[in-house]
Asks: 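Quick one: the structure is below, and I'll ask about it shortly.
Per chain, numbering begins at 1; letters A, B, ... match sequence-line order.
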Amino acid sequence: MSQRLLPVSDYDLGATLACGQAFRWKSAANGWVGVIGNRWVRLAEQPKGLLATVAEPTTDWDWLEDYLQTRLDFDAVLRSFPNDAPLRAAVTACHGLRLLKQEPWECLASFICSSTKRIVQIQQIVENLCECFGAPVTVPVGHAPAYSFPSPERIAAAGEAELRACKMGFRAPNLLRTAVLVANGAVDLQALRLLPVEQAREELIQLPGVGRKIADCVLLFAYGFQEAFPVDVWVRKALRQLYFPKRRPSAARLLKFSQTHFGPYAGYAQQYLFHYMRTVRPRSTERSP
DNA sequence: TCAGACCCTCACAG
DNA sequence: ACTGTGAGGGTCT
């Protein structure tokens with residue numbers, strides 16, 4: 001085992017790991033336990049930062065600081081937000097919520113499984129996938145077995161029925177076909193990093209089961225395109241209720257607004273509005289006429 | 001723009 | 001306890 005304190009402030013670990021951007025973290029007695037790549041990881045909030053524990057000895061922590069984005073100038077993100085009442089309220093209520101930087105394939109595959117699913121159900125599907133097709137990773141003595149997220153090659157080699165057995169329903173053929181395209185090199189997920197955001201989005205939308213919303217999730221949560229702004233049912237509600245309470249803007253109008261109003265870190269703003277809507281104001285989401 | 005289909009699970013009524 | 005019902009971080013036609 002190895003331990004390391006990653007110095008950081010204003011980092012709400014629970015909100016960040018459980019808000020629906022990543023699906024592999026579980027709350028445990030002394031922190032949060034998950035798998036990043038092929039490493040078992042436990043994270044805990046401490047006064048001076050995040051205490052990380054990994055199963056195998058290591059001196060390299062760059063991969064974890066990259067995943068957690070602990071070196072990000074968080075104040076600069078908050079300062080970049082437009083000074084409007086809804087966003088101020090969301091930031092106050094969800095202070096310390098952060099965005100992770102995940103591995104593209106895992107993020108893409110997870111969000112293909114996300115359509116019209118609740119977060120807990122997505123977590124269940126991803127867990128099933130990892131247990132069925134992932135590789136065992138080293139865990140500390142006494143801990144439950146853990147598995148890596150399965151490679152595109154491994155999923156491409158599975159049958160649709162095997163994937164459906166992971167409870168993903170009609171998403172199975174989409175995940176299977178996308179895994180084939182990634183595994184055989186028809187799509188190069190690493191190369192997307194180098195493209196402008198619009199082109200990277202076009203590439204992702206070509207994949208079966210990937211529309212605008214899921215593409216934007218991957219652009220934001222995996223590739224770090226901070227301007228990507230996924231619009232789902234929750235964010236649509238937030239925008240309509242908080243910014244257009246007396247009008248009925250079209251989807252196109254909302255998309256335009258989301259791209260122009262929130263600035264260079266629009267994706268961060270999106271996550272604050274999403275989390276605010278789901279946690280702080282759940283009752284006010286009831287049937288908007 | 002606008003349905004409707006698509007799998008399956010869970011929360012919630014009754 | 002049971003069954004019925006609706007909807008869930010969408011996508012595709």
Asks: I need the minimum non-hydrogen distance between A/Y11 and A/L68, along with the two atoms involved.
Replies: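 So the two residues come closest at OH-O, 2.7 Å.
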Asks: Would a line drawn from the ring center of A/F111 to the ring center of A/F23 be shorter than 6.0 Å?
Replies: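 When the ring centroids of A/F111 and A/F23 are compared, they turn out to be within the sub-6.0 Å range.
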Asks: Which whole-number value in Å describes the distance from A/I125 CD1 to B/dC10 P?
Replies: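 The answer, rounded to whole Å, is 11 Å.
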Asks: Could you work out the separation of B/dC12 and C/dG9 based on their P atoms and round it to a whole Å?
Replies: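 It works out to 14 Å between them.
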Asks: Centres of the A/F262 and A/Y272 rings: under 6.0 Å?
Replies: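 Here the rings of A/Y272 and A/F262 have centres that are no less than 6.0 Å from each other.
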Asks: Verify the distance criterion only: is there a donor paired with an acceptor across the side chains of A/D12 and A/H95 at less than 3.5 Å?
Replies: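 A/D12 vs A/H95: no donor-acceptor pair found between side chains.
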Asks: Students often get this wrong, so: under 4.0 angstrom with heavy atoms, is A/R164 touching a base, only sugar-phosphate, or nothing?
Replies: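 Sugar-phosphate: the residue A/R164, judged by heavy atoms under 4.0 Å, touches backbone atoms but no base.
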Asks: Enumerate the protein-to-nucleotides 9-13 of chain C contacts in which both atoms are nitrogen or oxygen and the separation is below 3.5 Å.
Replies:
from   : atom 1 : to     : atom 2 : distance (Å)
C/dG9  : OP1    : A/K117 : O      : 2.7
C/dG9  : OP1    : A/R118 : N      : 3.1
C/dG9  : OP1    : A/I119 : N      : 2.9
C/dG9  : OP2    : A/W234 : NE1    : 3.4
C/dG9  : O5'    : A/K117 : O      : 3.2
C/dG9  : N7     : A/G20  : O      : 2.9
C/dG9  : O6     : A/C19  : O      : 3.3
C/dG9  : O6     : A/G20  : O      : 2.6
C/dG9  : O6     : A/Q21  : N      : 3.3
C/dG9  : O6     : A/Q271 : NE2    : 3.2
C/dG9  : N2     : A/D232 : OD2    : 2.8
C/dG9  : N2     : A/Q270 : NE2    : 2.3
C/dG9  : N3     : A/D232 : OD2    : 2.3
C/dG10 : OP2    : A/T116 : N      : 3.4
C/dT11 : OP1    : A/G211 : N      : 2.8
C/dT11 : OP1    : A/G211 : O      : 3.3
C/dT11 : OP1    : A/I214 : N      : 3.0
C/dC12 : OP1    : A/G209 : N      : 3.0

Asks: Which side chain to side chain donor-acceptor pair (under 3.5 Å) pairs, counting each pair once, include a residue from residues 206-219 of chain A, with sequence neighbours left out?
Replies: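 Checked against side chain to side chain donor-acceptor pair (under 3.5 Å) - neighbours excluded - the pairs reaching residues 206-219 of chain A are A/R201-A/D216, A/R212-A/D216.
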Asks: Which whole number of Å gives the distance between the P atom of C/dA7 and that of B/dG4?
Replies: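 It comes out at 14 Å once rounded to the nearest Å.
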Asks: What integer distance in Å separates A/E127:CD from B/dT9:C1'?
Replies: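 Interatomic distance, CD of A/E127 to C1' of B/dT9: 15 Å.
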Asks: Crowded around A/R71 CZ? As in, over 12 foreign heavy atoms under 6.0 Å?
Replies: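 No, because the 6.0 Å sphere around CZ of A/R71 holds 12 heavy atoms or fewer from other groups.
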Asks: Grab the CD-C1' distance between A/E162 and B/dC7 for me, whole Å please.
Replies: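 Rounded to whole Å, this separation is 18 Å.
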Asks: Determine which nucleotide pairs with B/dA3, using a 3.5 Å limit on both distances of a Watson-Crick or G-U wobble pair.
Replies: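 Across all strands, the one nucleotide that pairs with B/dA3 is C/dT13.
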